[in-house]
Amino acid sequence: MMPSVNTLNPKRKSPYCLGKQYGGFLLTSEIFIPLGGLYDKFYAVIIIEQERCPGIAGTTPGRCQPQSQTIKAGTIIIQCPARKRKEKMNMKKIFALLLAVIMVLSLAACGGGAEKGSTLVYGSGDYDSINPIMNEHCEIKHLLFDSLVKLDKDGKPVASLAESWTYDDATLTYTFKLRSDVKWHDGEKFTADDVKFTIEAIMNPDNGSENYPNYIEIKEIKVISDTEIAFILSEPNYAFLDYMTMSILPEHKLQGEDMWESDYFKSPVGTGPYKLESWDVGQAITMVKNEDYFAGAAKIDTIIFKIVTDDNAKALQLKEGTLDLAQVTPKDAQNFKDAEGLTVYDMATADYRGILYNFWNPYWQENGDLIPAISYCIDRQAIVDAVLLGEGFVAYSPIQLNEYNYDGVEKYDFDLAKAEAAFVAAGCEKDAEGFWCRNGERISFTINATPGDQVRIDMAQIAAQQLQEAGLDVKANVPADGIDWGGQECCIIGWGSPYDADDHTYKVFSTDAGANYSGYSNPEVDEWLKKARQTDDPAERAECYKQFQIAMAKAPAYTFFAYIDAMFIADSNIKGIDANTVLGHHGVGIFWNVTEWTIE
């Protein structure tokens, strides 16, 4: 039997073994035939023998199980590790060379045919589980799950699992009419019971979801039929429709399960445009398109979230061609601006960084009044220039990109004279070495930064240096075991939402709210944030958010640094990425229209 021939895109490589693995087979014996001249290191690989790892779509060397079977094959792979094009490929010449190789070696094959279809490899952070109702920051949810409504490129709610909806202001009732043609990936029918189950799971205080504050006004959830559901509120929440973008989970898979520990979250079943094929823990999550997707099948056949937790490693693997798409640091992005075959996407975000102070820590319970003085010591523009290389801008508010931002709020611009006056007013004085002291002790604390996040690490180091120069005994630290939210003094934090001003404010800064990881409590802030979500009058909302920002500036929860552009590097063959979308926290949102993407 003549061996099958597969010509791979010479700009693409296996996401795992860089030429030693293809289609789930671990190559154990090959003959390398250099073709020369056309591309760097261009070669044909004639597979003599393959070892199959059952159940693993993309197998890394050393991960095969003992029961692996050996398969004789004759597949020929053309592969080029280098991205740099030397000259235009002459396909006739390549196939002539391959035909000669086949004739010379006269290999017999047993049907080891080549895989077909398009594959995109994305450089992702790691996942312990895929649980969108407990962790909203997972990009992967856009591929596996759907919500009642989704937000379009302008941030406006549009139909998804819900065909339509109405709101009765007199009874504070939202009623959603659901699609009748949606199925879960396992073939079960999607119904209103799944919606009720999901929202009630978030509202259950025993589950500890950080998203609970978004739904606290719900008094009753009424399933009218399989395709109709009503939410009756106890008081208004005019951001409620935005919160119906929450991913819906299957009741039939999770009824009676622990909403943190269930095995479901290791092998999730959704309704989304892609379904889970395999999960090689710590290595890759492979998803294939859902051919029965109610909104139409996606154009890219397979998407692999390759786990790359280190920012520097992402940049390296993009250069090597191991990744097709990844978010990189602004510094690394500079190295790709002239890279052939790659496109740099500089995307605006509502994602900010700053110092979170841990008000559960006794240090800030005693010294929280010094935070305004500390904030004056930070040269934010220097951080934007040095860390972000200008790919961002100075931050002073958590809703700076929102229509309800108040530009007249105290911004804590870099001013050492104001800092000194504030320290003196708080009873501080400098010691013989020039350090500010209070009650005979130096003002001293440590700023933690998340391991692997180079931007936060650099920000922590520069901020610590600036504060030292201003007379504060401050150090930067990267804890090997990650952030200890309850025990630390402070850390580099990130939040931000491009949507309703209520998002990432009410649940982040309200007392005891689900995403309030600092222990911040301010009665004025609580009051204005609640009033803001209870009115739909733009003028009233503007006043509420103005007063919220003024109150928090007087007693800051954070020292804001900067808003960060999201820098994505993509193989130029990927078409359909919407470069004009304003992304959210961690740059989440680039996959919002993934079903429209293609690979040329």
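These numbers come from the heavy atoms of this one structure, side chains and all, not from hydrogens, waters or symmetry mates. Source: prediction; values computed, not measured. Numbering starts at 1 and runs along the sequence shown.
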Visitor: Parallel, tilted or perpendicular: which one describes the rings of Trp495 and Tyr517, with boundaries at 30° and 60°?
Guide: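 Answer is parallel, since the angle falls under 30°.
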
Visitor: What are the two closest heavy atoms between Pro538 and Tyr404, and how far apart are they?
Guide: O-CE2, 3.4 Å

Visitor: Hey, could you give me each pair passing side-chain hydrogen bond (donor to acceptor under 3.5 Å, both in side chains) that has a residue in residues 122-134? Not counting sequence neighbours.
Guide: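 Listed by first then second residue: nothing to list.
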
Visitor: Between Lys331 and Asp458, is there a side-chain N and carboxylate O pair less than 4.0 Å apart?
Guide: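 Answer for the salt bridge query: yes.
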
Visitor: Walk me through whether Tyr352 and Phe561 qualify under ring pair (Phe, Tyr, Trp, His ring centres under 6.0 Å).
Guide: CA-CA 7 Å; Tyr352 62 79; Phe561 285 177; over 10 Å; no

Visitor: What residues form a ring pair (Phe, Tyr, Trp, His ring centres under 6.0 Å) with Tyr376, not counting sequence neighbours?
Guide: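 Ring pair (Phe, Tyr, Trp, His ring centres under 6.0 Å) check on Tyr376 returns Tyr412.
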
Visitor: According to the salt bridge (Lys or Arg N to Asp or Glu O under 4.0 Å) rule, which pairs have a member within residues 389-399, sequence neighbours left out?
Guide: Lys337-Glu391

Visitor: Within the side chain of Asp311, is there an N or O that forms a donor-acceptor pair under 3.5 Å with the backbone of Gln454?
Guide: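 Yes, the answer is positive, given that a donor and an acceptor are paired below the 3.5 Å cut-off.
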
Visitor: In terms of side-chain heavy atoms, does Asn516 have a donor or acceptor partner in Ser518 at a distance below 3.5 Å?
Guide: yes

Visitor: Sequence neighbours excluded, which residues qualify as ring pair (Phe, Tyr, Trp, His ring centres under 6.0 Å) partners of Tyr167?
Guide: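 If we apply the ring pair (Phe, Tyr, Trp, His ring centres under 6.0 Å) test to Tyr167, skipping adjacent residues, the hits are Tyr174.
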
Visitor: Are side-chain heavy atoms of Tyr520 and Val525 found at a separation under 4.5 Å?
Guide: yes

Visitor: State, yes or no, whether a side-chain contact exists between Lys183 and Phe190 at a heavy-atom distance under 4.5 Å.
Guide: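 Of all side-chain heavy-atom pairs linking Phe190 with Lys183, none is under 4.5 Å.
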
Visitor: With Arg380, which residues qualify under salt bridge (charged side-chain N to carboxylate O under 4.0 Å, His left out), at least two apart?
Guide: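 Salt bridge (charged side-chain N to carboxylate O under 4.0 Å, His left out) check on Arg380 returns nothing, list empty.
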
Visitor: Is a side-chain N or O of Ser572 found less than 3.5 angstrom from the main chain of Gly341, in a donor-acceptor match?
Guide: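 A pair under 3.5 Å: yes.
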
Visitor: Under the 3.5 angstrom rule, does the side chain of Asp310 hit a backbone N or O of Ala313 as a donor-acceptor pair?
Guide: yes

Visitor: Distance to the ring centre below 6.0 angstrom and angle to the axis at most 45 degrees; does that hold for Arg533 and Tyr506?
Guide: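 Judged by the rule (NZ or CZ under 6.0 Å from the ring centre, within 45° of its axis), Arg533 counts as positioned above Tyr506.
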
Visitor: Of all residues at least two apart in sequence or in a different chain, which pass the ring pair (Phe, Tyr, Trp, His ring centres under 6.0 Å) check with His586?
Guide: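 Here the qualifying residues are His137.
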
Visitor: Give me each pair satisfying salt bridge (Lys or Arg N to Asp or Glu O under 4.0 Å) with a member in residues 285-299, each pair once, sequence neighbours excluded.
Guide: Lys289-Asp301

Visitor: With sequence neighbours left out, what residues match Phe509 under ring pair (Phe, Tyr, Trp, His ring centres under 6.0 Å)?
Guide: Tyr558

Visitor: For Lys196, give me all partners under salt bridge (charged side-chain N to carboxylate O under 4.0 Å, His left out), at least two apart in sequence or on another chain.
Guide: Glu200

Visitor: Sort and list the pairs that fulfil ring pair (Phe, Tyr, Trp, His ring centres under 6.0 Å) and have at least one residue in residues 378-403, not counting sequence neighbours.
Guide: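 Qualifying pairs, neighbours excluded: Phe393-Tyr563.
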
Visitor: Does this structure show an ion pair linking Asp181 with Arg179, if we count only N-O contacts that are shorter than 4.0 Å?
Guide: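 A salt bridge is present here (some side-chain N lies under 4.0 Å from a carboxylate O).
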
Visitor: What class does the angle between the rings of Trp165 and Phe176 fall in, given that below 30° is parallel, 30 to 60° is tilted and above 60° is perpendicular?
Guide: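 Trp165 vs Phe176 ring planes: tilted.
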
Visitor: With Lys266, which residues qualify under salt bridge (charged side-chain N to carboxylate O under 4.0 Å, His left out), at least two apart?
Guide: none

Visitor: Return the minimal non-hydrogen interatomic distance between Val384 and Ala562, and the atom names on each side.
Guide: CG2-CB, 3.7 Å

Visitor: Do Val288 and Tyr274 have side chains that get closer than 4.5 Å, going by heavy atoms?
Guide: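 The answer is no, as the side chains (C-beta and beyond) never meet within the 4.5 Å cut-off.
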
Visitor: Side chain of Ser497, backbone of Tyr499: donor and acceptor closer than 3.5 Å?
Guide: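 At least one qualifying donor-acceptor pair exists.
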
Visitor: Apply salt bridge (charged side-chain N to carboxylate O under 4.0 Å, His left out) to Asp351 and list each qualifying residue two or more places apart in sequence or on a separate chain.
Guide: Arg353

Visitor: Would you check if the side chain of Asp152 reaches a backbone N or O of Lys156 as a donor-acceptor pair within less than 3.5 Å?
Guide: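 Flag set: sc Asp152 to bb Lys156 pair under 3.5 Å.
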
Visitor: Less than 4.5 Å apart, side chain to side chain, heavy atoms only: is that true for Asp242 and Pro157?
Guide: yes

Visitor: Would you check if the side chain of His185 reaches a backbone N or O of Gly270 as a donor-acceptor pair within less than 3.5 Å?
Guide: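 It does hold such a pair.
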
Visitor: Got a salt bridge between Asp146 and Lys150, using NZ or NE/NH1/NH2 to carboxylate O under 4.0 Å?
Guide: no

Visitor: Checking Thr349 side chain against Gly587 main chain: does a donor-acceptor pair fall under 3.5 Å?
Guide: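 Pair absent, no side-chain N/O of Thr349 close to backbone of Gly587.
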
